[in-house]
Amino acid sequence: MKNNSLVTIADYSKEKILYLIEMAKWFEKHPNEKILQNKIVATLFFEPSTRTRLSFETAANRLGARVIGFADPKATSSTKGESLKDTIMMVSNYADVIVMRHHLEGAARYASEVSPIPVVNAGDGANQHPSQTMLDLVSISKTQNTLENLNICLVGDLKYGRTVHSLLFAMRHFNPTFQFVAPEELRMPNEYKLFCEKYSIPYEEHVEFTPEIINNADILYMTRVQKERFSDIMEYERVKNVYILHKEMLKDSKENLRILHPLPRVNEIAYDVDSSPKAYYFQQAKNGLYARQAILCDCLGFTLDGINSNDKYRTI
Ligand code: CP
């Protein structure tokens, strides 16, 4: 990838993914290494965010970098008609790496092609969310002690949910079986099912969220119905509460089952699930800090070996 950008997890090999997971686990033990002192991280959020922006900014701060950027594009010159290309060219004059969320699918790819500095895709429309996938993989690895041979159940908005699209791409290296649970209107798009077929990844599609599906799952990955992607609000109203996970539904689930959700949740997971030892979504979000520390360092050319062998980074 040009400029060490992270546009899609599909660009990463299995070795690269495993290396970044190892690096993220290292940062969990060493969260305050000042590796990026004198670096500037720009966070350009053209769409709302809580976790992704704040965890990237915390990652940058903990690494000793400084952060510039915006959370509200209305306060930028894009409202005066400045193009994405010009915005990227300007920001690349000031920063060393750009973290960008944009509503347009392909915006991150385009930005990476015009930018002289690395661009990290923090979500482009309904397309991809690769840094989320890295924290999802860290979470799966930590809770299952493996990424291999897992039965992964993706539930909810599989049409517009960019996190499930990215996760599917990444899991191809690890021999998964997928259960896709979605209403007809929000089924997994054909391009992702074709991807599964190309790589011989078994999958089943379901409309009903049955006890059998829950009881056979290793990972239950719940997702929010993406209201902001619907052009017809009545269609959203029809499907918005289609699947709601309650604690009682977990009574016969596997011991190793963990419930993930990229968050924010709306109604997909009832609050009584939070007290289950199988609920992992808040720890999952915390893993985002370490995964994003690894991503920032990697994009800026810092390796785990280099960090480990250089005493000047050691602050604790
Ligand atoms: N998971 C995720 O992308 O959350 P935010 O929209 O809050 O960044």
Side-chain angles (χ1 to χ4, degrees), residues 6-9 20-21 24 41-62 67 69-74 97-108 111 119-140 142-143 152 154-171 186 219-230 236 240 245 258-269 273-274 279-296:
L6 172 53
V7 171
T8 168
I9 203 82
L20 284 175
I21 292 172
V41 176
T43 56
L44 314 185
F45 277 70
F46 292 90
E47 274 196 330
S49 167
T50 296
R51 275 147 295 274
T52 309
R53 185 174 66 83
L54 294 181
S55 61
F56 263 118
E57 293 187 356
T58 305
N61 279 299
R62 287 197 180 276
V67 177
F70 55 83
D72 180 2
K74 288 203 276 304
V97 57
I98 292 171
V99 178
M100 185 181 82
R101 171 170 290 186
H102 202 283
H103 53 277
L104 288 179
E105 296 180 20
V119 173
V120 179
N121 181 3
D124 60 329
N127 188 28
Q128 297 291 309
H129 195 347
S131 70
Q132 175 73 42
T133 299
M134 283 312 309
L135 76 91
D136 292 344
L137 295 174
V138 169
S139 300
I140 294 170
K142 282 170 67 176
T143 59
I152 298 181
L154 307 176
V155 184
D157 185 348
L158 307 187
K159 179 180 179 185
Y160 297 121
R162 56 194 171 201
T163 65
V164 292
H165 301 158
S166 282
L167 183 60
L168 187 150
F169 277 165
M171 287 306 300
L186 300 177
I219 294 292
L220 203 48
Y221 195 100
M222 303 296 294
T223 66
R224 175 179 68 92
V225 176
Q226 308 274 302
K227 182 180 183 183
E228 63 274 28
R229 311 275 174 232
F230 283 74
Y236 169 74
K240 68 178 181 184
L245 184 68
R258 288 298 176 273
I259 301 150
L260 304 186
H261 191 311
L263 304 178
R265 71 173 149 182
V266 182
N267 281 327
E268 314 77 52
I269 301 178
V273 178
D274 294 359
Y280 194 75
Y281 27 92
F282 294 125
Q283 297 98 314
Q284 177 189 3
K286 187 172 184 184
N287 291 332
L289 169 60
Y290 314 124
R292 288 171 173 134
Q293 286 184 302
I295 289 167
L296 288 176

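Read the numbers this way: they start at 1 and go in the same order the structure lists the ligands and their atoms. Side-chain atoms are counted along with the backbone in the values below, which use heavy atoms only and exclude waters and symmetry mates.
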- Message: Let me confirm one number: the CD-CG distance from Q293 to L20, rounded to the nearest 0.5 Å.
- Response: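 Separation between the atoms: 13.0 Å.
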- Task: Please indicate whether K142 has more than 12 foreign heavy atoms, meaning atoms of other residues, nucleotides or ligands, lying under 6.0 Å from its NZ.
- Result: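 Counting neighbours around NZ of K142, more than 12 heavy atoms of other residues, nucleotides or ligands fall under 6.0 Å, so yes.
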Provide, to 0.1 Å, the distance between [atom] and the closest protein heavy atom, together with that atom's residue and name.
atom                   : result
atom 1 (N) of ligand 1 : P262 O, 2.8 Å
atom 6 (O) of ligand 1 : R101 NH1, 2.9 Å
atom 4 (O) of ligand 1 : R51 NE, 3.1 Å

- Query: Regarding S131 and R292, is there a side-chain donor-to-acceptor distance under 3.5 Å anywhere?
  - Reply: yes
- Message: Is it the case that the side chains of R101 and H129 hold a donor-acceptor pair, with the cut-off being a distance below 3.5 Å and no angle test?
- Response: yes
Need the ligand 1 atom indices (1-based, order shown) with element for anything under 4.0 Å from a heavy-atom of [X].
X    : value
L263 : 1 (N), 2 (C), 4 (O)
Q132 : 1 (N), 2 (C)
T50  : 5 (P), 7 (O), 8 (O)

- Do the rings of H102 and F46 sit parallel, tilted or perpendicular, given the 30° and 60° boundaries?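 Judged by the thresholds at 30° and 60°, the geometry between H102 and F46 is tilted.
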- Out of T8, T133, T163, which residue meets the side chain to side chain contact (heavy atoms under 4.5 Å, CB included) rule with Q128?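 Output: one option passes, namely T8.
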- Contact partition for T163 relative to ligand 1, non-hydrogen atoms under 4.0 Å: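 It is neither; nothing of T163 touches ligand 1.
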- Query: Is the closest side-chain heavy-atom distance between T52 and F45 below 4.5 Å?
  - Reply: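 A side-chain contact under 4.5 Å exists here.
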- Backbone or side-chain N or O of R53 under 3.5 Å from ligand 1 N or O: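 No - when backbone and side-chain N and O of R53 are compared with those of ligand 1, no distance drops under 3.5 Å.
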- Message: Less than 4.0 Å is my threshold; does some heavy atom of E47 fall inside it relative to ligand 1?
- Response: no
